[in-house]
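In this text, all values refer to a predicted model and were calculated from it rather than measured experimentally. Heads up: numbering here begins at 1 and tracks the sequence.
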Amino acid sequence: MSTEQQVKKLDGKVPKGDIKTLWENYKFDMKLVNPSNKRKFKVIVVGTGLAGASASATLAELGYEVEAFCISDSPRRAHSIAAQGGINAAKNYPNDGDSVWRLFYDTVKGGDFRAREANVYRLAQVSNNIIDQCAAQGVPFAREYGGTLSNRSFGGAQVSRTFYARGQTGQQLLLGAYSALMKESSKGKVKIHTRSEMVELVMVNGKARGIITRNIVTGEFAKHSADAVLLCTGGYGNVFFLSTNAMNSNGSAAWKAYKKGAYFANPCYTQIHPTCIPVHGENQSKLTLMSESLRNDGRVWAPKKQGDKRPANEIPEDERDYYLERVYPSFGNLAPRDVSSRQAKYRVDEGKGVGKTGVAVYLDFRDAIKRDGYEVIKDRYGNLFDMYQRITDENPYEVPMRIYPAVHYTMGGLWVDYNLMTGAKGCFALGEANFSDHGANRLGASALMQGLADGYFVIPYTLGNYLASEKPNEEKVTVDNPEFEQAMKEAKGRFSKLLSINGKRSVDSFHKALGHIMWENVGMGRTEKGLTSAIKEIQALRKEFWKDVKVTGSDSGINVELEKANRVADFIELGELMARDALARHESCGGHFREEMQTADGEAKRDDEKFCHVAAWEWTGDDGEPIRNIEELSFENVHLATRSYK
């Protein structure tokens, strides 16, 4: 059978009806699990960030038996804690014209018409419930003088809908979800496994029925069975080596699911965040985000002259190019992330970059401080300014910040239907681990919204419907089933193989090499030539890795190199799939920018006739060519149009 014949057209299982009432009607139509029967079902939740913690707490409170797994020493150390700027909701507290429909519209448009409409509308609908939930938990959102919750603006919107807790919104939201999680843990409803990494998904008779984990401290492997598995493991931005993600953030759990029947959707959709502290040297291991909220008051500019090395404060006003305000007058410095990042790249490519490396632009608060005063700006952004000064030894109250785009988020992820179930039956994906809500570009402050929407307000309904319909508990599955033993054998064999190679190159050297290939060829600008070359280079790197990687230490006890080797091996394979996906998508949309497909003024040029669909890749074996399945996208409510922020 040819590859063409094998291509599937996937069904997103979106219910029929008016999008405004779709979710409410569907909730009524779904099957329920009787309260006394919920305790008969066991659910595994992998990851304890916003999606995982909120899902674990909510499901346990409903009565399900929950086991939650995280790779850190506490659920509080999930990478959600690093989110700075805020969380969107359509409360319309400023009375500036916001609504559920406008948030839906902005998100579909912001994603460059490459997201599933029904999922996006549901996200906008439940956004208001999230704020109520979190405020009730005691999350200390910023407030106006009169006590009402405060809002600020983020990119891609002309209203102020972002709720925030200074520059620590992710941390405060995670502490709220964590408190809910620990309440259920203290009652014995949730069993939390810390320092436990999922290394295999176990399928029994075509359904996800458990996982194999490796204890990061002892090196011991363990089997865990359940009636359903929820993957809440975040994104895969660290495939680029340098990103704003925590260094132990990885895509391995999702990759294991992909190899057990889940589809990987739109892997090439990567978000490059426009405001990050620039790379400063060869030995750097991660990058630091500067919140998008800074663009509320900071003005982005570059010198008008090429090669202008004067200090920023010596460059007069008429020799500064406030290029976002010039190119996108309607949105100015709050243009979406993908277009803002590309404009910064254009300035650097023109030889107008700043700083020692010449690979940066300025984010300047001079005018804001002059207008509102030092204390007001300090109150809004003080912790972010302090962070910047500690890293760069430059005072942003006195000189402009130097910023440049960096990998921050991945819109691609495991394909899920409207119920958040992957292609592997019984395996669900929540938050950044799935692909569903952001299309080809995520708007700022929408990641926290999606994670909590999925965990608090979506999965409790859709999981219950699955359990009531499929009744997996009627098929008795325990860790003694042969499928668990086989998965355990495969996992142990992989780690033993990594240790036995005993080559000459470090794990980090392979990760850096992969990151270089990815950034140069699958980064902000992509070409057919570069992507074709990247695929060949990554394939060669993969062969070299399995021949010459050196993993020191043993398989017992703490072995960070062994942990990294397992994740980097997956990153190498995932990097190749990202390049394949980018090569196959002959259009530019959102964060996927094919240089051959752009308008005369350098904007993304979509091909809606041929590519108005989700690409959902199917694994065919370690040496097989993955199959590119598709899910057609229709836009009946926000009609297809050329995206413009001018």
Close side-chain approach of [X] to [Y], heavy-atom, < 4.5 Å:
{"X": "S291", "Y": "Y164", "value": "no"}
{"X": "P15", "Y": "D29", "value": "no"}
{"X": "R628", "Y": "R585", "value": "yes"}
{"X": "F611", "Y": "C589", "value": "no"}
{"X": "V139", "Y": "L175", "value": "no"}
{"X": "M524", "Y": "S341", "value": "yes"}
{"X": "V407", "Y": "L242", "value": "no"}
{"X": "Y263", "Y": "K8", "value": "yes"}

Nearest atoms (heavy-atom pairs only) where [X] meets [Y]:
{"X": "L201", "Y": "C427", "answer": "CD2-SG, 4.1 Å"}
{"X": "S436", "Y": "V416", "answer": "CB-CG2, 3.9 Å"}
{"X": "A51", "Y": "L430", "answer": "CB-CB, 4.0 Å"}
{"X": "G439", "Y": "M411", "answer": "O-CB, 3.2 Å"}
{"X": "A487", "Y": "I212", "answer": "CB-CG1, 3.7 Å"}
{"X": "G426", "Y": "M421", "answer": "N-SD, 3.2 Å"}

Might you work through the side-chain hydrogen bond (donor to acceptor under 3.5 Å, both in side chains) test for E432 and T410, ending with a clear yes or no? CA-CA 7 Å; E432 191 179 354; T410 48; 3.3 Å; yes

Can Y121 and W101 be said to form a side chain to side chain contact (heavy atoms under 4.5 Å, CB included), step by step? CA-CA 8 Å; Y121 191 85; W101 189 267; 3.6 Å; yes

Compute the centroid of each ring, for F163 and then for Y93, and state whether the two points are separated by less than 6.0 Å. yes

Does R152, at its CZ atom, have more than 12 non-hydrogen atoms belonging to other residues, nucleotides or ligands within less than 6.0 Å? yes

In terms of heavy-atom contacts, does OH of Y105 have more than 12 from other residues, nucleotides or ligands at under 6.0 Å? no

Under the side-chain hydrogen bond (donor to acceptor under 3.5 Å, both in side chains) rule, what do R295 and S340 come out as? Steps first, then yes or no, please. CA-CA 11 Å; R295 290 198 276 149; S340 299; 3.1 Å; yes

Is K109 positioned over the aromatic face of Y645, cation under 6.0 angstrom from the ring centre and no more than 45 degrees off axis? yes

Is the terminal nitrogen or CZ of R114 (NZ for Lys, CZ for Arg) located under 6.0 angstrom from the six-membered ring centre of Y269 and within 45° of that ring's axis? no

Would you say the side-chain atoms of [X] pair up with the backbone N or O of [Y], donor to acceptor, closer than 3.5 Å?
{"X": "N238", "Y": "N248", "result": "no"}
{"X": "N434", "Y": "L414", "result": "no"}
{"X": "R122", "Y": "Y418", "result": "yes"}
{"X": "D227", "Y": "K42", "result": "yes"}
{"X": "E117", "Y": "V638", "result": "yes"}
{"X": "T233", "Y": "A253", "result": "no"}
{"X": "N419", "Y": "T462", "result": "no"}
{"X": "T169", "Y": "Q84", "result": "yes"}
{"X": "T422", "Y": "A424", "result": "yes"}
{"X": "R337", "Y": "P405", "result": "no"}

Which salt bridge (Lys or Arg N to Asp or Glu O under 4.0 Å) pairs, counting each pair once, include a residue from residues 254-264, with sequence neighbours left out? E200-K260, K256-D570, K259-E573, K259-D622

Worked verdict on T162 versus N88 for side-chain hydrogen bond (donor to acceptor under 3.5 Å, both in side chains): CA-CA 4 Å; T162 304; N88 288 331; 2.8 Å; yes

Before you tell me yes or no, could you show the steps for D581 and F264 under side chain to side chain contact (heavy atoms under 4.5 Å, CB included), namely the whole-Å CA-CA distance, both residues' side-chain angles and the distance that decides it to 0.1 Å? CA-CA 10 Å; D581 188 43; F264 215 109; over 6 Å; no

State the [atom1]-[atom2] distance between [X] and [Y], to the nearest 0.5 angstrom.
{"X": "Y466", "Y": "K471", "atom1": "OH", "atom2": "NZ", "answer": "12.0 Å"}
{"X": "N119", "Y": "Q450", "atom1": "CG", "atom2": "CD", "answer": "9.0 Å"}
{"X": "D454", "Y": "T58", "atom1": "CG", "atom2": "OG1", "answer": "11.5 Å"}
{"X": "I459", "Y": "S56", "atom1": "CD1", "atom2": "OG", "answer": "11.0 Å"}
{"X": "L633", "Y": "H613", "atom1": "CG", "atom2": "NE2", "answer": "8.5 Å"}
{"X": "M30", "Y": "L463", "atom1": "CE", "atom2": "CG", "answer": "10.5 Å"}

Does K91 form a salt bridge (Lys or Arg N to Asp or Glu O under 4.0 Å) with D132? I'd like the steps, not just the answer. CA-CA 10 Å; K91 287 284 194 182; D132 295 340; 2.7 Å; yes

With sequence neighbours excluded, what pairs up with I535 under the side chain to side chain contact (heavy atoms under 4.5 Å, CB included) test? Q539, E576, A579, R580, L583

For D437, the side chain to side chain donor-acceptor pair (under 3.5 Å) test, sequence neighbours excluded, returns none

Can you tell me how the ring of H193 sits relative to the ring of F69, calling it parallel under 30°, perpendicular over 60° and tilted otherwise? parallel

Parallel, tilted or perpendicular: ring planes of W255 versus Y258, cut at 30 and 60 degrees: tilted

Evaluate the criterion salt bridge (Lys or Arg N to Asp or Glu O under 4.0 Å) for residue pair E587 and K610; output intermediate values, then yes/no. CA-CA 9 Å; E587 67 164 353; K610 295 178 181 175; over 6 Å; no

For the pair F435 and R116, evaluate side chain to side chain contact (heavy atoms under 4.5 Å, CB included) and give the outcome as yes or no after the intermediate values. CA-CA 10 Å; F435 87 101; R116 189 189 289 142; 3.6 Å; yes

Could you go step by step and tell me if Q271 and D338 meet the side-chain hydrogen bond (donor to acceptor under 3.5 Å, both in side chains) rule? CA-CA 7 Å; Q271 178 151 90; D338 56 335; over 6 Å; no

One pair to check against salt bridge (Lys or Arg N to Asp or Glu O under 4.0 Å): D608 and R606. What are the steps and the verdict? CA-CA 6 Å; D608 293 332; R606 296 196 320 265; 2.9 Å; yes

Just do the side chain to side chain contact (heavy atoms under 4.5 Å, CB included) check on T48 and S72 with the steps written out, would you? CA-CA 9 Å; T48 56; S72 301; over 6 Å; no

